[in-house]
Amino acid sequence: MLAKISQKIGRSFGATQPRITKLHAYHKEALGGKMVDFAGYDMPVLYSGPNGGNMKEHTHTRNSCGIFDVSHMGQTHFKGKGAAAFLEKMTVVDTQALHPGKASLSMLMNEQGGVVDDCIVTKVNEEHFYVVLNAGCKDKDMAHMNKYIGDYDCVLEYDSEDVRSLVAVQGPKAQHVVETVLDGINLTNMDFMESTRDLSFAGHPMIVSRCGYTGEDGFEISVRNDDIEAFMEALWKVKGSSGEQLALPVGLAARDSLRLEAGLCLYGNELNEVTSPIEAMLAWTISKRRKQELGFLGDDLIKKHLEEGVSKKRCGFIGDKVPIREGSLLYNADGKEVGVVCSGTKGPTIGKAIGMAYVDVPFNKFKTELVAKVRGKDLPVTVRKMPFVPSNYYKKP
């Protein structure tokens, strides 16, 4: 089973010389992490012990609190009077709609209207934006942006994994865990997709953002490398009302099944440089102002897709028990090939095969019955709305 998971995770980006995060030895020696090559990094796919394994790690995150090392992600800062204009050229983000401390999912675009990467853009102030890039894309992302940044009064600063770590604290108990570790600070007024730089650990500033990749409440916390192991140790010490340990480590396998149940895209599967945000059903990331004014790379294709529609769209599907993996073909009732699966697994929460696919219009419509070809067998699937499990993102009172 571990070999299959490793192959699936490792295919995502296919790096050959894996790098390591500051927590690499900690994962292996203190936590019993089983490591695989992912996005060019040697990362834990799951953990050993009584609480380890994809199913237990997945379920614990849904019910309590899972801790993910996401230090391989690219923590970048864009600073200067031209930072907002530069980001509006490179991405579809609406910097005018963001107040200081507000974050937004956005698409880093190429000249042809495809997606170079998806990213989280946080407005620190009018001249400073904090942007988190995907691990397997960050090098090409920064090279792509550096081709244009010289035309703007803006500089790019990169906090590498040698300087800062990034930890995701996810699940319904995430707020309690973080508040306890940060000496009882109250996070009730921090809304989903908001960020603060006013908190600290061991006397050193942190970046705390209320966001995540699981469909649950949660936080992504940027911590100095000198403090990261102490921070992790503090997380494990937080107890529930019955004395149980609330936070447990979670690996890439459960991260993948959690994000799939939440209907969230993975770059390299659902997103790539020849697929537009409109085809990916991510038009909602482009505000009304930006759809009208355009001005970002590849806007000609986006304008065309918005006005004329597209021939294929991303959609979710649900089957029976057998997982339907990436690359499986989908057929309509007449036996015509109409789509291809980009991600698939058996959803631990709902106990059924779930996945996402690009399907020709109109066969992407809700409740459409299709057939997946898996190892010579015909497996019926039904197009379903996403997320597959209800999202539990936080909304402040």
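- Residues Val121 and Tyr130 are not in side-chain contact: their nearest non-hydrogen atoms beyond the backbone lie 4.5 Å or more apart.
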**Request:** Show your reasoning for whether side-chain hydrogen bond (donor to acceptor under 3.5 Å, both in side chains) applies to Arg325 and Ser343.
**Result:** CA-CA 6 Å; Arg325 303 296 189 188; Ser343 291; over 6 Å; no
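- In this structure, Lys102 places its NZ atom where more than 12 heavy-atom neighbours from other residues, nucleotides or ligands lie under 6.0 Å away.
- A continuous path of ILVMFWY side-chain contacts below 4.5 Å connects Met142 to Tyr152, so both sit in one hydrophobic cluster.
- Using modelled atom types and a 3.5 Å distance limit, the side chains of Thr21 and Ser71 yield no donor-acceptor pair.
- Tested against Pro249, the residues Phe68, Tyr26, Trp236 include a single side-chain contact (heavy atoms from CB on, under 4.5 Å) partner, Trp236.
- Between the side chain of Asp42 and the main chain of Ile20, no donor-acceptor pair closer than 3.5 Å is present.
- Side chain of Asn110 to main chain of Gln112: a donor-acceptor pair is present (N/O by atom type, distance under 3.5 Å, no hydrogens or angles).
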**Asked** Passes side chain to side chain contact (heavy atoms under 4.5 Å, CB included), Lys79 versus Cys154? Steps please.
**Response** CA-CA 5 Å; Lys79 298 179 180 180; Cys154 176; over 6 Å; no
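- Side chains of Gln170 and Thr214: a donor-acceptor N/O pair is present below 3.5 angstrom, by distance only.
- Side-chain N or O atoms of Thr285 include none that pairs as donor or acceptor with a backbone N or O of Ser106 at under 3.5 Å.
- Remark: the backbone N or O of Leu246 is paired with a side-chain donor or acceptor of His60 at under 3.5 angstrom.
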**Request:** Applying side chain to side chain contact (heavy atoms under 4.5 Å, CB included), run through Val45 and Met35 and close with a yes or a no.
**Result:** CA-CA 6 Å; Val45 66; Met35 314 300 283; over 6 Å; no
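- A cation-pi arrangement is found for Lys385 relative to Phe366, the charged atom lying closer than 6.0 Å to the ring centre and inside a 45° cone about the ring normal.
- Counting heavy-atom neighbours within 6.0 Å of Lys140 NZ, excluding the residue itself, gives a total above 12.
- Side chain to side chain, Asp217 and Asn392 fail the donor-acceptor criterion of an N or O pair below 3.5 Å.
- Summarising the geometry of Arg290 relative to Gly295, their closest heavy-atom pair is NH2-C, 4.0 Å, with the distance given to 0.1 Å.
- A donor-acceptor pair is defined here as one N or O able to donate and one able to accept, closer than 3.5 Å; no such pair exists between the side chain of Asn225 and the backbone of Lys22.
- Between Leu105 atom CG and Leu264 atom CG the span is 9.0 Å, to the nearest 0.5 Å.
- In this structure, CE in Met73 is found 12.5 Å from CD in Glu161, a value given to the nearest 0.5 Å.
- Of the possible donor and acceptor atoms, one in the side chain of Tyr267 sits under 3.5 Å from a partner among the backbone N and O of Val115.
- Looking at Arg62, its side chain does come within 3.5 Å of a backbone N or O of Leu258 through a donor-acceptor pair.
- Remark: side-chain polar atoms of Asn269 are paired, donor with acceptor, to backbone N or O of Cys342 under 3.5 angstrom.
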**Message:** Evaluate Thr76 against Glu157 for side-chain hydrogen bond (donor to acceptor under 3.5 Å, both in side chains), listing each step before the verdict.
**Reply:** CA-CA 6 Å; Thr76 61; Glu157 297 178 0; over 6 Å; no
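- Side chains of Glu369 and Thr382: a donor-acceptor N/O pair is present below 3.5 angstrom, by distance only.
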**Request:** Under the side chain to side chain contact (heavy atoms under 4.5 Å, CB included) rule, what do Thr91 and Met107 come out as? Steps first, then yes or no, please.
**Result:** CA-CA 5 Å; Thr91 78; Met107 304 293 121; over 6 Å; no
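- For Asp159 and His77, the side-chain atoms include at least one donor-acceptor pair closer than 3.5 Å.
- The residue from Lys56, Glu57, His27 that alone fulfils the side chain to side chain donor-acceptor pair (under 3.5 Å) condition with Tyr47 is His27.
- For the atom pair CG of Asp117 and CG of Leu108, the computed distance is 6.5 Å after rounding to the nearest 0.5 Å.
- Taking the centre and axis of the six-membered ring of Tyr358, the NZ or CZ atom of Lys312 falls inside the cone set by 45° and 6.0 Å.
- Using a 4.5 Å cut-off between side-chain heavy atoms of Ile, Leu, Val, Met, Phe, Trp and Tyr, with links allowed through other members, Val322 and Leu370 fall into the same hydrophobic cluster.
- In this structure, Phe201 and Phe231 have perpendicular ring planes: the angle between them is above 60°, well past the 30° mark.
- Taking both residues in full, the closest heavy atoms of Ser195 and Ser209 are given as OG-OG, 3.0 Å, listed atom of the first, atom of the second, then distance.
- The environment of NZ in Lys377 is sparse: at most 12 heavy-atom neighbours from other residues, nucleotides or ligands sit within 6.0 Å.
- The distance from atom CG of Leu266 to atom CZ of Arg255, rounded to the nearest 0.5 Å, is 8.0 Å.
- Aromatic rings from Tyr394 and Phe192 are positioned such that their centres are separated by 6.0 Å or more.
- For Arg210 and Thr196, the side-chain atoms include no donor-acceptor pair closer than 3.5 Å.
- Side-chain atoms of Glu261 and Thr349 include a donor-acceptor pair closer than 3.5 Å.
- A donor-acceptor contact shorter than 3.5 Å links the side chain of Lys123 to the backbone of Thr95.
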**Request:** May I have the step-by-step check of ring pair (Phe, Tyr, Trp, His ring centres under 6.0 Å) for Phe78 and Phe86, ending in yes or no?
**Result:** CA-CA 9 Å; Phe78 295 86; Phe86 172 69; 5.7 Å; yes
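- No more than 12 heavy atoms of other residues, nucleotides or ligands shown are found within 6.0 angstrom of CE on Met281.
- The local environment of CD in Glu337 is crowded, with over 12 non-hydrogen atoms from other residues, nucleotides or ligands closer than 6.0 Å.
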**Request:** Given side chain to side chain contact (heavy atoms under 4.5 Å, CB included), test Ser276 with Ile302 step by step and report yes or no.
**Result:** CA-CA 7 Å; Ser276 82; Ile302 302 308; 4.0 Å; yes
